[in-house]
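Here is the structure we will look at, set down as structure tokens.
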Number of protein chains: 2
Amino acid sequence: MIRILLVDDHALVRRGVRLILEQEPDLTVVGEAGDGAEAVEALRDLEVDLVVLDIAMPRMTGLQAAREITRRREPPRLMMLSMHDNEQYFFESLRVGASGYVLKSVADEDLVGAVRAAMRGEAFVYPGAMGSLARDYLDRLRRGESVPQTVLTEREDEVLKLIAEGRSSKDIARDLTISVKTVERHRANILAKLGMRDRTQLTRYAIRAGLIEP
Amino acid sequence: MIRILLVDDHALVRRGVRLILEQEPDLTVVGEAGDGAEAVEALRDLEVDLVVLDIAMPRMTGLQAAREITRRREPPRLMMLSMHDNEQYFFESLRVGASGYVLKSVADEDLVGAVRAAMRGEAFVYPGAMGSLARDYLDRLRRGESVPQTVLTEREDEVLKLIAEGRSSKDIARDLTISVKTVERHRANILAKLGMRDRTQLTRYAIRAGLIEP
DNA sequence: CGCAGAATGGGTGCTACCACCCATCTCCCC
DNA sequence: GGGGAGATGGGTGGTAGCACCCATTCTGCG
């Protein structure tokens, strides 16, 4: 019997996924959570084999929750549920230790298949997604484009978050009690690392990365 | 027997909603569509009492499809399904003649209730949404803030989309074959209408509004 | 007809953003 | 002990973003 914790901010989606999963005799949903924080909370009281985690959620996002969860002693397996066929999310999911990455556009039998594959320990992407995602990945490798393992430093993440929230450099400098110049230095480094040109792109990136909410 | 057409781009969501609805003996889902165009297509061959329409979809959005559908001779009732507790969408939905507006964060019994209410002809919003949406609405009225029936014009939407994508004014001007000054004029108007200060906020807004992907 | 709103475009000026250059200090690791 | 990486800060300069001012044209509507 595979015990599952279901995490999605939309009750309707949660309910639907639950109905789909529970049509299988060997799958049981032992809990639900409406955001990342609730999920982490729920794991303290529940014995869970697999957490099905929506990526885009308010407060603590799925990716943040995933980082939290994998820090536990015997972490359950993680399966990320995503709206988007998006490389950024995909790689980020692998980075945080997810076993699977499934698009919400998959059919229900594929979801069940994905759950079983995740439990067998097969790291995988839903094939439909695999197409464009893996293609991209391989393309970049071939072009020597240095796949974005170039993660930002903690400080840079912090600054990025504030920039993406629309705060000005002066504002951020005051907040972090550093000089405007240093904020600009960080911003320049972030832009360079991510290969971007301005704040709006950083905003979108921060949203994708789960640093801020849209 | 209430015959329902289900329109959502995510098969998983579609499947879940279908399971929820079909637990009721008097509700039957007679068709599914993955986007607005498919929905319009499907309506040509099906007798349908109610269309449950997701708002954010690729190609033709739910709102566009709704406009299309209400142009028919005997249009079915419309119920909009939305991810976001967002005034913009809500008012727009009313404008296109939807009978209901339900957030995906509602519980399943509420969805069923919403379907029944829509069929009884009660124009309504799911109460939970009603709370913050109507509260906002009334608050603004009270403050004399001219409620955002001041939706953006088509041209402004177009410019907003490009700004939010990180394009520069010069770039946008070239694209639309208008002067940089006019782009800046539009930007200023958009910022004023939405009560925002800079491009990063516009980016987040555009993502919330479904104009662009993160 | 006249009026309102939308779209167009011009001018002026401040400031933030962003791209380059430079340096110092600390911490960690070989 | 030396070297690399990260955080800090400074200078200089171009340009885009944004806030004000202004006007013209066209369209739909009472």
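Computed from a predicted structure; not experimentally measured. Chain identifiers are assigned alphabetically (A, B, ...) following the order of the sequence lines, protein sequences preceding nucleic acid strands; residue numbering begins at 1 within each chain. All values below were derived from every heavy atom in this structure, side-chain atoms included, with hydrogens, water molecules and symmetry-related copies excluded.
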Notebook entry, point to check: What's the CD-C1' distance between Glu158(B) and dA6(C), to the nearest Å?
Noted result: 14 Å
Check: CG of Leu202(A) versus P of dC17(C): gap in Å, rounded?
Finding: 11 Å
Give me the distances for all protein-to-nucleotides 24-28 of chain D N/O pairs that come in under 3.5 Å?
none

Next item on the list: Quick one: label Asn189(B) by what it contacts on the DNA or RNA (base, sugar-phosphate, nothing), any heavy atom closer than 4.0 Å.
Entry: nothing
Notebook entry, point to check: Only one of Asp8(A), Asp35(A), Leu6(A) clears side-chain contact (heavy atoms from CB on, under 4.5 Å) with Asp54(A); which?
Noted result: Asp8(A)
Check: Between Leu194(B) (CG) and dC18(D) (P), how many Å, whole number?
Finding: 13 Å
Notebook entry, point to check: What is the nucleic acid contact for Arg199(A), judged by heavy atoms within less than 4.0 Å: base, sugar-phosphate only, or nothing?
Noted result: sugar-phosphate
Notebook entry, point to check: Taking the side chain from Arg18(B) and the backbone from Val29(B), do they hold a donor-acceptor pair closer than 3.5 Å?
Noted result: yes
Note to self: If you compare every side-chain N and O of Thr153(B) against the phosphate oxygens of dA7(C) (OP1, OP2), does one of them come in below 4.0 Å?
What the structure shows: yes
Margin query: Below 4.0 angstrom, which residues in residues 166-185 of chain A have at least one non-hydrogen atom near DNA chain D?
Written below: Ile178(A), Ser179(A), Lys181(A), Thr182(A), Arg185(A)
Notebook entry, point to check: Rounded to whole angstrom units, what separation is found between the CD atom of Gln201(B) and the P atom of dC17(C)?
Noted result: 12 Å
Checklist line | Interatomic distance, Glu156(B) CD vs dG5(C) P [rounded to whole Å] | finding: 13 Å
Notebook entry, point to check: Any Lys/Arg nitrogen of Glu158(B) or Lys161(B) sitting under 4.0 Å from an Asp/Glu carboxylate oxygen of the other?
Noted result: no
Item checked: Distance test, side-chain N/O of Arg197(A) to OP1/OP2 of dC18(C), below 4.0 Å -> no
Check: What integer distance in Å separates Arg187(A):CZ from dT8(D):C1'?
Finding: 16 Å
Margin query: With a cut-off of less than 4.0 Å, is there a side-chain N or O of His186(B) near OP1 or OP2 of dA6(C)?
Written below: no
Notebook entry, point to check: Partners of Arg185(A) by side chain to side chain donor-acceptor pair (under 3.5 Å), sequence neighbours excluded?
Noted result: none
